[in-house]
Amino acid sequence: MKLTHLVAMKAIILATALPMAAQADSLWHPASNEQGFTYHPDHFKSTKTRAQVLAEVEAARKDGTLTLMQGGLPVPIKSSAAPKTRQQVVDEMRSESPEARRARLEMYSGG
């Protein structure tokens, strides 16, 4: 009977320890505090070299996205499509259906 209890106890310990071991690489750990988690930045493992990070920062500085991020502003999405001309936009608006126009106006007016 005692052997069965020991085997069961080991199984329970392993079952509870495995999820905690899986979270060891995570920055966020569950905790019994007001937030429900703790943050451990020292657990972060980067896949980039220092030179790669510095090159990305320099590129962001050159194209202006670093200034936006430092100010807490959203970074514009870079499109690979050619931008539309003013005339193309005007033509699209003139040819839109009444339903599409109503939906667009509701979206921009908030109701």
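Heavy atoms of other residues, nucleotides or ligands lying less than 6.0 angstrom from CZ of Arg104 number more than 12.
Residue Lys48 comes nearest to Gln52 through the heavy atom pair CA-OE1, 3.1 Å, listed as atom of the first residue, atom of the second, then distance. Nearest heavy atoms, Gly36 versus Asn33: N-OD1, 2.6 Å. What you find for Pro76 and Leu68 is that their closest heavy atoms are CD-CD1, 3.5 Å.
In this structure, the separation between CD on Gln70 and OG1 on Thr65 is 9.5 Å, given to the nearest 0.5 Å. Here the CE-CZ distance, from Met69 to Arg61, works out to 10.5 Å after rounding to the nearest 0.5 Å. Distance check, rounded to the nearest 0.5 Å: CD of Glu92 to CD of Gln87 gives 11.0 Å. We find the CZ-CG distance between Arg86 and Asp91 to be 11.5 Å, quoted to the nearest 0.5 Å.
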